[in-house]
Trainee: 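Got a structure here, written out as structure tokens. Questions coming.
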Amino acid sequence: MLVVPRALPVGRRSVAASAGRLPGVTPRRGLAALPAGAPQWSMGLLHYMNIASLDGYIADREGRFDWARPDDDVHAAVNDLLRTVSTYLYGRRVYEVMRVWDDPGIATDAPAVVRDFSHIWRAAEKIVYSRTLADVDTERTRLERGLDPDMVRALKRGSAADLAIGGPGLAAAAFAEGLVDRVHLFIAPVTVGGGTPALADQRLDLSLKEERRIGRFVYLHYGVRM
């Protein structure tokens with residue numbers, strides 16, 4: 001999912017984490033609510049989202065991402081995207097950044113967009129992929145030791161709500177398996193010269209679905225061509 005929300009301390013990170021309504025994004029309900037014989041297109045889509053520099057990085061060589069701090073409009077747009085998501089797929093480092101949101105008190109005195117994000121995050125299911133974590137301690141969360149492409153495909157088929165994936169390493173594996181359906185990038189007006197790339201080091205054939213300015217950022221929405 002994913003951008004690191006504004007309410008978290010901004011400084012260093014090893015990976016980026018990236019939840020109103022953007023044009024063309026229609027909230028979808030759980031599969032159980034669908035009538036018998038619902039069309040195949042009702043299956044969930046897997047989204048990859050991030051804030052990136054103009055030269056394509058989510059953090060610089062020192063792991064800093066202070067330049068990626070979202071304003072209210074961008075934060076609201078991210079909330080709108082994540083509102084359609086029922087399940088987050090996280091690598092360990094992204095999970096360790098995002099788990100702070102399991103405490104509802106973190107957003108008590110925060111702006112409305114941050115309180116909204118807190119509610120959205122806690123309502124979603126989370127799957128954490130890690131070979132080193134002994135356990136996970138947040139609500140609605142389970143631990144898996146490795147990405148199983150068939151399991152993710154089954155999750156997509158079994159849900160009319162969407163999924164989101166966070167963490168460049170985990171996302172790269174998902175891209176390689178043809179699992180990712182949509183890419184959402186919020187491009188910041190800065191270049192950092194190197195660091196953690198927003199996209200996998202592999203060829204991706206994309207189809208531009210939307211582009212627009214949101215505050216000081218440019219929002220790009222792509223479909224992934226299989």
Side-chain angles (χ1 to χ4, degrees), residues 1-6 8-19 44-53 56-65 67-70 78 81-82 84-102 117 120-122 124-138 140-149 151-153 155-156 162-188 192 194-202 204 206 220 222 224:
M1 88 168 205
L2 302 149
V3 298
V4 176
R6 184 179 57 179
L8 289 178
V10 175
R12 294 180 179 272
R13 66 178 168 188
S14 298
V15 294
S18 255
L45 300 176
L46 181 58
H47 297 259
Y48 173 68
M49 315 172 196
N50 239 314
I51 289 179
S53 64
Y57 297 96
I58 59 176
D60 65 21
R61 291 188 180 94
E62 286 72 46
R64 298 195 61 84
F65 59 101
W67 44 267
R69 183 186 295 271
V78 171
L81 287 171
L82 293 182
T84 73
V85 170
S86 64
T87 305
Y88 302 147
L89 311 182
Y90 286 155
R92 177 181 62 84
R93 288 170 179 164
V94 172
Y95 172 70
E96 288 175 342
V97 170
M98 300 302 293
R99 62 187 294 276
V100 65
W101 291 106
D102 201 49
F117 179 87
I120 292 167
W121 192 88
R122 286 182 286 109
E125 301 293 323
K126 297 96 180 169
I127 303 175
V128 180
Y129 296 91
S130 173
R131 294 183 175 86
T132 58
L133 279 179
D135 199 2
V136 290
D137 58 2
T138 50
R140 301 175 181 266
T141 307
R142 77 174 192 257
L143 181 63
E144 298 286 345
R145 292 307 178 191
L147 183 71
D148 181 345
M151 185 192 79
V152 176
R153 292 186 184 100
L155 284 172
K156 293 169 65 176
D162 289 341
L163 300 85
I165 190 164
L170 185 64
F175 276 117
E177 293 290 342
L179 299 172
V180 180
D181 302 290
R182 298 287 187 267
V183 175
H184 306 266
L185 295 176
F186 294 85
I187 305 300
V192 298
T196 305
L199 293 171
D201 186 17
Q202 58 190 271
L204 298 174
L206 306 174
L220 301 174
Y222 294 95
V224 180

Trainee: Mind checking whether H47 and L81 have side chains closer than 4.5 Å, heavy atoms only?
Mentor: no
Trainee: What orientation do F175 and Y48 show, parallel under 30°, tilted 30 to 60°, or perpendicular over 60°?
Mentor: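 Perpendicular.
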Trainee: Looking only at heavy atoms, what is the nearest atom pair of L170 and Y129, with distance?
Mentor: CD2-CD1, 3.7 Å
Trainee: Give the minimum heavy-atom separation between V180 and A174, together with the two atoms involved.
Mentor: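 Here V180 and A174 meet closest at CG2-CB, 3.8 Å.
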Trainee: If you look at every heavy atom in S130 and R92, which pair is closest and at what distance?
Mentor: OG-CD, 3.6 Å
Trainee: Locate the shortest heavy-atom distance separating P168 from T196; write the atom from each residue and the value.
Mentor: CG-CG2, 3.8 Å
Trainee: Calculate, to the nearest 0.5 Å, the distance between atoms CD1 and OH belonging to I165 and Y88 respectively.
Mentor: 14.0 Å
Trainee: Using only atom types and a distance under 3.5 Å, with no angle test, would you say the side chain of D60 pairs donor to acceptor with the backbone of E62?
Mentor: yes
Trainee: Could you give the distance from CE (M98) to OG1 (T138), rounded to the nearest 0.5 Å?
Mentor: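 Rounded to the nearest 0.5 Å, the CE-OG1 separation comes out at 11.0 Å.
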Trainee: Taking side chain to side chain donor-acceptor pair (under 3.5 Å) as the definition, give me every residue that meets it alongside R61, ordered by chain and number, with sequence neighbours left out.
Mentor: none
Trainee: Do D181 and K156 meet the salt-bridge criterion of a basic N to acidic O distance under 4.0 Å?
Mentor: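 Looking at K156 and D181, the cut-off is met.
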Trainee: Which is it for Y90 and T141 under the side-chain contact (heavy atoms from CB on, under 4.5 Å) test, yes or no, and what are the steps along the way?
Mentor: CA-CA 10 Å; Y90 286 155; T141 307; over 6 Å; no
Trainee: Rounded to the nearest 0.5 Å, what separation is found between the CG atom of L163 and the CG atom of L46?
Mentor: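 Going from the CG atom of L163 to the CG atom of L46 covers 6.0 Å.
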Trainee: Given side chains that start at C-beta, do those of V183 and L199 come closer than 4.5 Å, heavy atoms only?
Mentor: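 Contact flag for V183/L199 side chains = yes.
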Trainee: Evaluate whether atom CZ of R131 has more than 12 neighbouring non-hydrogen atoms of other residues, nucleotides or ligands under 6.0 angstrom away.
Mentor: no
Trainee: Looking only at non-hydrogen atoms, find the nearest pair between Q202 and A172 and report the distance.
Mentor: NE2-O, 3.3 Å
Trainee: Would you say the side chain of I51 lies within less than 4.5 Å of the side chain of I58, judging by non-hydrogen atoms?
Mentor: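 Contact flag for I58/I51 side chains = no.
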Trainee: Rounded to the nearest 0.5 Å, what's the gap from NZ on K126 to CZ on R99? Could you check?
Mentor: 12.0 Å
Trainee: Are any of the side-chain heavy atoms of L204 and Y222 separated by less than 4.5 Å?
Mentor: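 No - every pair of side-chain heavy atoms lies 4.5 Å or more apart.
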Trainee: What pair of heavy atoms forms the shortest contact from L185 to A198, and how long is it?
Mentor: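 Smallest interatomic distance, heavy atoms only, reads CD2-CB, 4.4 Å.
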Trainee: Measuring only between side-chain heavy atoms, which start at C-beta, is V78 closer than 4.5 Å to P70?
Mentor: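 Heavy-atom side-chain distance check fails, nothing below 4.5 Å.
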Trainee: Could you state the interatomic distance from CG (D148) to CZ (R153), rounded to the nearest 0.5 Å?
Mentor: 9.0 Å
Trainee: State the CG-CG distance between L147 and L89, to the nearest 0.5 angstrom.
Mentor: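 It comes to 7.5 Å.
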Trainee: Are V136 and R142 packed together at the side-chain level, in the sense that at least one heavy-atom pair is separated by less than 4.5 angstrom?
Mentor: no
Trainee: Tell me whether the count of non-hydrogen atoms from other residues, nucleotides or ligands lying under 6.0 Å of CG in D201 goes above 12.
Mentor: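 Counting neighbours around CG of D201, 12 or fewer heavy atoms of other residues, nucleotides or ligands fall under 6.0 Å, so no.
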